[in-house]
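Side chains included, hydrogens not; waters and symmetry mates left out as well; all remaining heavy atoms used. Residue numbers start from 1 in every chain, and the chains themselves are labelled A, B, ... in the order their sequence lines are given, proteins ahead of strands. Since we're looking at a predicted model, the values are computed, not measured.
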Amino acid sequence: MSDETKLDSGEANNDTVHTNFIEDIIDADLKAGKNAGKVATRFPPEPNGYLHIGHAKSICLNFGVAKKYNGICNLRFDDTNPETEETEYVEAIKDDIRWLGFEWDGLYFASDYFDAMYDHAMTLVKDGKAYVESLTPDEIRQYRGDFNTPGKNSPYRDRPVDENIEMFEKMKAGEYKDGEICLRAKIDMQSPNMNLRDPIVYRIRHARHHRTGDKWCIYPMYDWAHGLEDSIEGITHSLCTLEFENHRPLYDWFLEQLPVHHPQQIEFARLNLNYTVMSKRKLLQLVKENHVDGWDDPRMPTICGMRRRGVSPSSLRKFSDRIGMAKRENVADIALLEHVMREDLNETSPRLMGVINPLKVEIENYPKDKEEFFEAPLHPEDDRWGSRQIPFCRELYIEQDDFKEDPPKKWFRLSPGTEIRLRYACLITCKEVVKDQNGNVEKLICTWDPESRGGNAPDGRKVKGTSHWVSARHAEKITVRQYDRLFNVENPNKVEEGQNWLENLNPNSLEILTGCYAEPYIRELKPEARIQFERIGYFVADRYDFTPETPIFNRTVTLRDSWAKIEKNQGSANRGQKKQPQPAKNQKKTDSTAPAEITIDDFAKLDLRVGTIKEASLVEGADKLLQLQVDIGAGKPRQVFAGIRKRFENPEEIIGKNVIVVANLKPRQMKFGLSEGMVLAAGGKENRLELAEVLGDTLPGDTVS
RNA sequence: UGGGACGUAGGCCAAUUGGUAGGCCCCAGGUUUUUGGUACCUGUCAUUGCAGGUUCGAGUCCUGCCGUCCCAGCCA
C-alpha cells in the first residue's frame, strides 16, 4: 500500500478534531468573502540545506490547509541568495516532500520572478520610494541606530529620482562592485521597528546563481522578494514562523506601494524537539565534523534521516497533527514522536523473529537430523498479511535477555527448571546450563514437549513466558544498527559558559551488532521494508546497504518494554529499602537512569579541599566566568573556571579567600583552557551568589567533610 | 533600555467567543493477550503567570505588574 493511498484514506489527518488559529482565520476570511473563496498556500524552502522535522510541520500545515479548503499549495524555492544555494538541495527537498506524501500544485523558483521584481523595484524608484545608497555597509549600520537610538537619514536619501534610476540601471548592468552601493526603500529611519529603517531591497553579488547563471549581479533581499513571490502566485495565506512577525509591517508596506494582489502573512511557532538540535548550522556541524554519518544518518532529525531510520511518512504527518499549531514557543516531547511511530508501525509492520544477542539452546529430545516448519502469521491482528513457515531443528538461538540463572521476582522467562513457549512453535523446559571456563553461560540444554506443537499444551497448562527464537541451522546472519537519541539531555543547546553543545552528544547513540540472527524470511525483504522483530522493536531494511546477502537493519524504535520498568523499579526499591516516595510526578527522563538518592559512600567519593584563591581574573569572551588559580596545598595551584563573575565583577576582592574546592573532578577542557576543579558557592541566581568560605584556622589542602 | 509577540497540568494543544476547564503524550495501576507488544479500563496532575477591576457569572473583557521569546545581516 502506498503512502499516498493511506493519506487519501484519511488515517493521518482525520483525528484532528479542533481547528487551529490559522484555520479560524481562514474560516473568517472565507465567511467575509475574501479572495473569492479561494485558498492558496506555499511551502517556500531556501535550497541551502536539507529539510528537517520542523520543516515537516510547515509542509503538513501548508499542504494540509490547501487540501482542507480545496485550494492549492505551491512548492517554491526561495533562491534569492546565490552564494549559499545549490541545485543539489532542490532535488533532495523535492524527494523529501513527495516521500512525506504531498504533491505540489505549482513548482516555482523565486529566481523565476527576478525580472518582475526588478521592474517593480524600478517603479518604487520612480515613485521616489526607493533610493540608491552609497554609504558603506559599516556606515549603514551606524546610521541605522539601535533599539534606543533612532536612525539618521542617509545623505543619499534624497538623491534625485533620475540619478537613482540611472544608478540602479548601472547597478543591474554590473558597473559596481559587491557592496559598493545598494537599493534602499525610503520608509522611516526613526521607526521603532528596525526593519522599517530604510531596508535594503537589492544588493550586488557578482556570483553565479544555480539557475540564472550570470544573468544577474543584483539580488533581491528576502523582505522585498517574498511578498512579491506570494503575490505573483496568488497566495492567499502566507504562513511563516514567528521570527518573521517583525517583518510583517514591511511585507505589507512593499505590497501596498504596488498595484498587486496582497496576501496575508500569518505566523506560527516553529517546532522544537527535545533531545535534538534543529538549527541548520548545528546540523551542518554534526555532518561536517563527522559526529554523524551524513545528512541522512538515522539519528538526524532530517526528513531523509528519519526515512533512513525507518520512520514512516504517515507517522510524521500524524506527529505534526498531534503537536498542534499555535503561536507560543514550544518544545515537543520526542516521546510523542516515538509514540506515533510505534502506533503507526504496529499497524503496518509484518512480524518476524530475530535474535540480537544469541544464546544457544539444544533440544536434547529432538532428533539430530530432523527439521520441521511451523506456520506463523505475519501480523497477529491483521490476517491480510498472511503467514510464513519458520524452520525448526534441534539447535536454536534465543535472546540472552530471555534467560536468567537466578531469576528475580516476577520473572517468567526461562531459568533452570522452568518452562516457556517458543513463539508459534512449542514449549521447552530448561534442564541444564552449560558454562565455559570463565563461568559464562554457553548453552542451554532443554527438552521440548512434542504435544505442544504450535505453542499450546493439550493439557491446558498455562505458560506465561514466550520467547522469540531462530533455528541455528537455518538462521541468516544479520547486522543490526541500534540507534538511540543523539543527545543525552533534553535541551542540547543549553550549555554552561565555556561548554560546547557537542559535549551533550550521547556517545551510545549508535551500536552496531554483527552477530545477530534472523529467520530465513528476511531474504524476501526489500530495502526500506519496515518490520517488527517480535518482542524487540521496529526495524527497517537499510535503504542503501541492505541486500539479501548483506542484511543490514536499522532499529527505528524499540517496543515499549514494561519488564524493563518493573526491573528498574525493583532495583530502586531494593536500594532504598522502601519504595521511593516519588520525588516529583514530573520525573524527568534525563534523571530516570540516575538513582534518586546517593549514599554516604557516594558522597565520600568527593575529595573536598580547602583552597586559597591566589589569582582571579575576568575571562574575555565569557560574561559569567572567572578564571581562578587556587592553592590546594599540592604544589602547583589549580586553574578553575567558575561561573561567578556576575557576583564578583571585580575579581580582586576574592583573592585570598579560603574556599571549598572539589579536587578530584575530572578536568574539563573548556574553550578558554583546562578547568581543574570546582569551587562551591551558594545561591541559584547570579544576583544572590556567595562563595562557600572556610573560616578560622585552615590551610590549603585541608580536607572538608 | 525602544518595538513586536506569547504565558491554560511535567510536555503539547483545546474550551461553543462571557456560562464555571477538556484531549493526547508522559507517569502509576489494572483487564485481555502465544509479543512483559497491541487494545481497553482506572488513577495522579490546574485556585488558567501575578494583582486588581467590570459582571449574577471571567481562561475569555479592562488596568497594572511579572516572566519568556523575537528584532540593531547588503541571510532567509
Side-chain angles (χ1 to χ4, degrees), chain A residues 15 17-20 44-46 48 78 80-81 83-84 133 136-137 140-141 144-151 178-184 191-197 199-205 219 221-223 225-226 240-249 267 269 274 280 322-333 335-340 342-343 346-347 351 353 376 380-381 410-413 421-425 427 454-456 463-468 490 532-537 558-567 569 582 584-589 592:
Chain A
D15 52 20
V17 191
H18 303 288
T19 59
N20 58 51
E46 185 189 8
N48 71 346
D78 207 358
T80 56
N81 184 351
E83 291 178 322
T84 57
E133 174 66 273
T136 65
I140 290 177
R141 198 176 318 119
R144 186 153 40 219
D146 58 35
F147 297 148
N148 306 306
T149 323
D178 284 10
E180 194 175 345
I181 60 171
C182 62
L183 187 73
R184 287 235 253 176
S191 173
N193 183 339
M194 303 295 278
N195 294 309
L196 262 21
R197 318 246 261 229
I200 288 160
V201 176
Y202 270 97
R203 80 286 212 181
I204 302 173
R205 287 286 174 276
Y219 292 93
M221 297 289 290
Y222 168 86
D223 289 296
H226 205 88
C240 63
T241 45
L242 247 30
E243 65 267 31
F244 292 103
E245 223 154 17
N246 294 321
H247 294 246
R248 191 178 352 118
E267 310 84 14
N274 56 18
K280 261 181 198 173
R322 296 277 178 92
I323 52 173
M325 184 62 63
K327 290 195 77 159
R328 78 170 96 156
E329 297 284 346
N330 61 84
V331 183
D333 194 342
L336 177 59
L337 210 213
E338 290 168 351
H339 176 264
V340 295
R342 292 189 183 106
E343 190 175 67
N346 176 51
E347 280 179 33
R351 269 57 168 180
M353 287 200 284
E381 277 124 31
K410 292 188 183 172
W411 176 265
F412 44 84
R413 273 118 94 150
R421 172 172 29 249
L422 295 180
R423 179 139 232 230
Y424 297 130
L427 267 20
N456 279 316
V463 175
K464 209 162 183 201
T466 301
S467 282
H468 55 280
E490 275 204 48
Q532 182 193 109
F533 280 131
E534 292 220 37
R535 303 210 311 131
I536 303 174
T558 61
L559 253 32
R560 285 184 62 189
D561 188 351
S562 50
W563 168 248
K565 273 181 199 170
I566 294 169
E567 215 175 14
N569 291 342
Q582 290 298 329
K585 34 225 138 194
N586 56 326
Q587 234 190 13
K588 289 281 187 265
K589 276 146 248 118
S592 60

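- Residue K565(A) places at least one side-chain N or O closer than 4.0 Å to OP1 or OP2 of A28(B).
- In this structure, the CG atom of L336(A) is 12 Å from the P atom of C27(B), given to the nearest Å.
- The distance from atom NE2 of H226(A) to atom NE2 of H247(A), rounded to the nearest 0.5 Å, is 11.5 Å.
- Residue order along RNA chain B, read from the 5' end via each residue's closest nucleotide, puts R413(A) first among T80(A) and R413(A).
- Using a 4.0 Å heavy-atom cutoff across all strands shown, E46(A) reaches sugar-phosphate atoms only and no base atom.
- Atom NZ of K280(A) sits in a crowded spot, with more than 12 heavy atoms from other residues, nucleotides or ligands closer than 6.0 Å.
- Base pairing of A51(B) is made with U63(B), judged by Watson-Crick or G-U wobble geometry with both donor-acceptor distances under 3.5 Å.
- Nucleotide G10(B) is matched to C25(B) when pairs are restricted to Watson-Crick or G-U wobble geometry with both distances under 3.5 angstrom.
- P44(A) comes within 4.0 angstrom of no nucleic acid atom, judged by non-hydrogen atoms across all strands.
- Y202(A) comes within contact range of no nucleotide atom at all, as no heavy-atom separation falls under 4.0 Å.
- Using a 4.0 Å heavy-atom distance criterion, L422(A) is classed as making no nucleic acid contact.
- Residue contacts for R421(A): at a heavy-atom cut-off of 4.0 Å it reaches a base atom on one of the strands shown.
- Separating the CD atom in E534(A) from the OG atom in S467(A) is a distance of 11.5 Å, to the nearest 0.5 Å.
- Residue contacts shown for N330(A) are limited to sugar-phosphate atoms, with no base heavy atom under 4.0 Å away.
- Q532(A) comes within contact range of at least one nucleobase, with a heavy-atom separation under 4.0 Å.
- Within the 4.0 angstrom heavy-atom criterion, only backbone atoms of the sugar-phosphate kind lie near D78(A); the bases stay farther away.
- Contacts of R423(A) with the nucleic acid, taken as non-hydrogen atoms under 4.0 Å apart, include base atoms.
- Among the atoms of the strands shown, none is found under 4.0 Å from any heavy atom of V463(A).
- Pair assignment for G2(B): C71(B), on the basis of Watson-Crick or G-U wobble contacts that are both within less than 3.5 Å.
- Across all strands shown, A58(B) has no partner, as no Watson-Crick or G-U wobble contact with both distances under 3.5 Å is found.
- Take the nearest nucleotide of RNA chain B for E245(A) and for A332(A): the residue whose nucleotide is more 5' is E245(A).
- Residues R423(A) and T466(A) bring no donor and acceptor atom of their side chains to less than 3.5 Å of each other.
- Counting non-hydrogen atoms under 4.0 angstrom, D223(A) reaches nothing in the nucleic acid.
- Nucleotide U35(B) forms a pair with no other nucleotide shown, judged by Watson-Crick or G-U wobble geometry with both contacts under 3.5 Å.
- When rounded to the nearest whole Å, the span between CD of E343(A) and P of G23(B) equals 17 Å.
- Centre separation under 5.5 Å together with a plane angle under 30° does not hold for the ring of Y222(A) and the six-membered base ring of A76(B), so they are not marked as stacked.
- Per the geometry, CG belonging to L242(A) stands 16 Å off C1' belonging to A76(B), to the nearest Å.
- Within the 4.0 angstrom heavy-atom criterion, no nucleotide atom of any strand lies near Y219(A).
- As judged by a 4.0 angstrom heavy-atom cut-off over every strand, R141(A) is placed among residues touching the sugar-phosphate backbone only.
- For N195(A) and C74(B), the CG to C1' distance is 14 Å, given to the nearest whole Å.
- Checking C74(B), G36(B), A76(B) against every side-chain atom of I200(A), the shortest atom distance belongs to C74(B).
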